[in-house]
Chemist: 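First the structure, which I've put down as structure tokens, then a few questions once you've had a look.
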There are 2 protein chains.
Amino acid sequence: MSEAVSRPTLEAVAARAGVSRATVSRVVNGGDGVREPLVERVRRAVEELGYVPNQAARSLVTKRHDAVAVVIAEPETRVFADPFFALQLRGISKELTAHDNQLVLLLTEGRDDHARVGRYLAGGHVDGALVFSLHLDDALPGLIQGAGVPTVFGGRPGWSDGNLPQTLGSAPSGQDSTAVYVDSDNRGGARDAVRHLVGLGRRRVAHIAGALDQTSAVDRLDGFRDVMADADPRLIAEGDFTPAGGERAMRELLDRCPDLDAVFAANDLMASGALRVLREHGRRVPDDVAVVGFDDMLPVAEQTDPPLTTIRQDIEEMGRLMARLLLRRLRRNPTEADQDTTTGVVLPTTLVRRASA
Amino acid sequence: MSEAVSRPTLEAVAARAGVSRATVSRVVNGGDGVREPLVERVRRAVEELGYVPNQAARSLVTKRHDAVAVVIAEPETRVFADPFFALQLRGISKELTAHDNQLVLLLTEGRDDHARVGRYLAGGHVDGALVFSLHLDDALPGLIQGAGVPTVFGGRPGWSDGNLPQTLGSAPSGQDSTAVYVDSDNRGGARDAVRHLVGLGRRRVAHIAGALDQTSAVDRLDGFRDVMADADPRLIAEGDFTPAGGERAMRELLDRCPDLDAVFAANDLMASGALRVLREHGRRVPDDVAVVGFDDMLPVAEQTDPPLTTIRQDIEEMGRLMARLLLRRLRRNPTEADQDTTTGVVLPTTLVRRASA
DNA sequence: GAGGTTGGAGAGAGCGCTCTCGGCAGCAGC
DNA sequence: GCTGCTGCCGAGAGCGCTCTCTCCAACCTC
């Protein structure tokens, strides 16, 4: 019935190895400037005692935490429940653990929670933050910039470039507050999708847009317009990224333009809804109407009837890249950081051909 | 171009309020034993300086971290990409933040990573762990029990009750190493599913089992057998929880027992595969063959044709409960903990009727 | 071989907090 | 009016680490 054995300290290792605390510290942190025989002796002592550095004590003095926060602001279960975040987290996790950083997950529920997150980040518990900001009117990005924590955004934040919330009053300066983000090429992907449809000989191409308070939806719509510059405005309907929204939009479109011969939906979920409505109206896919989605959300895109032609983005890579970018800024010293003018990284997308177009 | 302003310390607050550090500490931690006027003064000073306690310094002395690890061991992208974990995380997050605890996410990639997780947990960086162990042969649960960290498992761990890895050599004792877990009522849910089919008058009910190295799959199979005690063994096929596996199993079943009139699939993904094969074989659902799934995985269950009748489990609640259980053990003092004989909590499931059965 | 130079090791301060302890009021009891 | 409490508050040690500063030995240089 022994008391919980307290874990060994640097002191204990030093005693065992017959050296000073400082030497053990040096060895544990890379071993530079310590002669080989001593290094060896310390290593053995560490091994034998099962020594693990006390992170709290360490960060008390270094002021580093080797931890970054991942902030996911998503009140809507629907979106949260899709595989998107899981994959992104996975990419982030891989990159972080490869550099011995911990991942502190912050999920927010509604607006009130934003303040909590802001407080947490400003509290200096983590070295940096990875933030997913989905909505244009979201206060979170501003709050976070205000917290003065190095941050990388997932998805282009809602404010336009050059219009950053620079002057947030008491924002601790010294941090360059340029918004760094990683996004996939929503606009380019949309262009590819529409070009593919046009290449198939379709002339009346409709678009089911996503919720336009999200930059991804706006960008995909822009991509559509890039190719269909002179498109009939009635060929565009706004959905909300849900299957039900896709159904609604599809009905509208069929109603307004019965002669449409193709649909580009801003995500696979809406495309699946559209497919259902098309079938219901007796339109054959892809013979009468060709359909392209976006996301390549596997459980959906592969299961629809017919399987969905869509635009794939490498979600996991996006997460990995976000983490890599953040770690790089954390590592740099100020002078170098000044030269780091990266503001946005845009990942390519690819068209995945299945049966629907 | 000011230097990064270092955040205020207890000392600073004390000076401003004209009291000692100890008094500020008392106020910050609840204010017991400090007279009202002083409390007020300290509160104001905290407010004015924007003081936030330094968590590292605090845990250095308290040896608590107000943080728990969530360990998700899932090398397979497929499973990880389903909404399951997202919802569970959400539940966990809600409960943890309600009690001012942080969530440290640990995702593992393959076996080698298990050691890393074990080391991390044993390193005493977190107060407890929430672990999702999916496979029967998984070494992780053992490793974690060995780390001597209070743990709650999500899903019944792979070892049978009463056969815990008690003696893991150098496991720091003092912790009661009973495995606590939260699971949904896989067996009961399966029984409900099959009873529903039987209640519809179906007599040749088949089962597509999940990967049987997972307790959930085993339990669902057991539930099936509970109701169909004398079922033809050829009516059972093992899938792997994927749509493709469901297709394969369905083909097998149709081949072996062309007269089957119902199928209970151990998850919705496999059910969707089964539906496709049934359609391909000209069987009408539910007229010729009724189909029930499991999980109520929304993007899938609602989108199949016909929409899937399935068993719903409250995933988010499961997560919340796991966190609650863990926090309770962390809060308790040893004597009380001894009386806490909770080992498993099983959450109820409900049948959701849609069109497939 | 005296003085200078270097690289490796130890001593010790101190990060920001908590918590025990001791002091000192204020009050009751005799 | 003195002892003995009780209740508040401050002093101070110390959590486990990093990091600077100092010291010392070994090696050059002329």
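All values below come from the heavy atoms of this structure, side chains included, with hydrogens, waters and symmetry mates left out. We name chains A, B, ... by the order of the sequence lines, and we start the count at 1 in each one.
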Chemist: Quick one, give me the B/S/- string for nucleotides 20-26 of chain C, reading 5' to 3', where B means a protein heavy atom under 4.0 Å from the base and S means that only happens at the primed atoms, P, OP1 or OP2.
Modeler: -------
Chemist: Going through the checks in order, is the side-chain contact (heavy atoms from CB on, under 4.5 Å) test met by L87(A) and M318(A)?
Modeler: CA-CA 9 Å; L87(A) 284 173; M318(A) 201 171 145; over 6 Å; no
Chemist: Taking all non-hydrogen atoms of both residues into account, name the closest pair between G31(B) and V39(B) and its distance.
Modeler: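 Closest approach of G31(B) to V39(B): O-CG2, 4.4 Å.
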Chemist: Please tell me if S20(A) has a side-chain N or O lying less than 4.0 Å from either OP1 or OP2 of dA11(C).
Modeler: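 Answer is no, no contact under 4.0 Å.
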Chemist: Who passes side-chain contact (heavy atoms from CB on, under 4.5 Å) against N29(B), sequence neighbours left out?
Modeler: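 With neighbours one apart ignored, the set is S25(B), R58(B).
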Chemist: State, to 0.1 Å, how close A323(A) and I92(A) come at their nearest heavy-atom pair, and which atoms those are.
Modeler: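 So the two residues come closest at CB-O, 4.0 Å.
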Chemist: Which residue pairs satisfy the salt bridge (charged side-chain N to carboxylate O under 4.0 Å, His left out) criterion with at least one member in residues 91-106 of chain A, sequence neighbours excluded?
Modeler: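 For residues 91-106 of chain A: K94(A)-E316(A), E95(A)-R324(A).
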Chemist: Under 4.0 Å from OP1 or OP2 of dG10(C): is there any side-chain N or O of T23(A) that close?
Modeler: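 So the side chain of T23(A) is within the cut-off, an N or O lying under 4.0 Å from OP1 or OP2 of dG10(C).
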Chemist: Please give, in whole Å, the distance from dC17(C) C1' to H125(A) NE2?
Modeler: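 Atom-to-atom, H125(A) to dC17(C), this comes out as 14 Å.
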Chemist: Using a cut-off of less than 4.0 Å, is there contact between a side-chain N or O of S25(B) and OP1 or OP2 of dC17(C)?
Modeler: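 For dC17(C), OP1/OP2 do not have a side-chain N/O of S25(B) under 4.0 Å.
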Chemist: Which heavy atom in L106(A) sits nearest to a heavy atom in A69(A), and how many Å separate them?
Modeler: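 Looking at all heavy atoms of both residues, the shortest contact is CD2-CB, 4.2 Å.
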Chemist: If you take any heavy atom closer than 4.0 Å to DNA chain D, which residues from residues 45-58 of chain A end up in contact?
Modeler: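 Output list: Y51(A), P53(A), N54(A), A57(A), R58(A).
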Chemist: Would you mind telling me which of dG16(C), dT18(D), dC17(C) lies closest to the side-chain atoms of L10(B)?
Modeler: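 Given the options dG16(C), dT18(D), dC17(C), the side chain of L10(B) is closest to dC17(C).
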Chemist: Within residues 32-40 of chain B, which residues have any heavy atom lying less than 4.0 Å from an atom of DNA chain D?
Modeler: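 The answer is G33(B), V34(B), R35(B), L38(B).
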Chemist: Is a salt bridge present between E40(A) and R43(A), judged by a nitrogen-to-oxygen distance below 4.0 Å?
Modeler: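 Here E40(A) does not pair with R43(A) in a salt bridge, since their nearest N and O are not under 4.0 Å apart.
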Chemist: Determine whether Q102(B) and D66(B) make a side-chain contact, defined as any pair of heavy atoms from C-beta on separated by less than 4.5 Å.
Modeler: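 Not in contact.
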Chemist: Considering only side-chain heavy atoms of V61(B), which listed nucleotide, dC17(D), dG10(C), dT18(C), is closest?
Modeler: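 Within the option list, the nearest is dT18(C).
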Chemist: Does a donor on one side chain sit under 3.5 Å from an acceptor on the other, for T62(A) and S59(A)?
Modeler: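 Distance-only check fails for T62(A) and S59(A).
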Chemist: Measure the distance from CG on L60(A) to C1' on dG16(C) and round it to the nearest whole Å.
Modeler: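 That distance rounds to 5 Å.
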Chemist: Which whole-number value in Å describes the distance from E11(B) CD to dA11(D) C1'?
Modeler: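 It is 12 Å, rounded to the nearest whole Å.
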Chemist: Could I get the full list of ring pair (Phe, Tyr, Trp, His ring centres under 6.0 Å) partners for Y120(A), not counting sequence neighbours?
Modeler: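 Expected list: H125(A).
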Chemist: Is it the case that the ring center of F132(B) lies less than 6.0 angstrom away from the ring center of F153(B)?
Modeler: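 For F153(B) and F132(B), the ring centres are not under 6.0 Å apart.
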Chemist: Rounded to the Å, how far apart are R21(A) CZ and dT18(D) C1'?
Modeler: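 The answer, rounded to whole Å, is 9 Å.
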Chemist: Check this one for me: any side-chain N or O of K63(B) less than 4.0 Å away from OP1 or OP2 of dT18(C)?
Modeler: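 No, outside the criterion.
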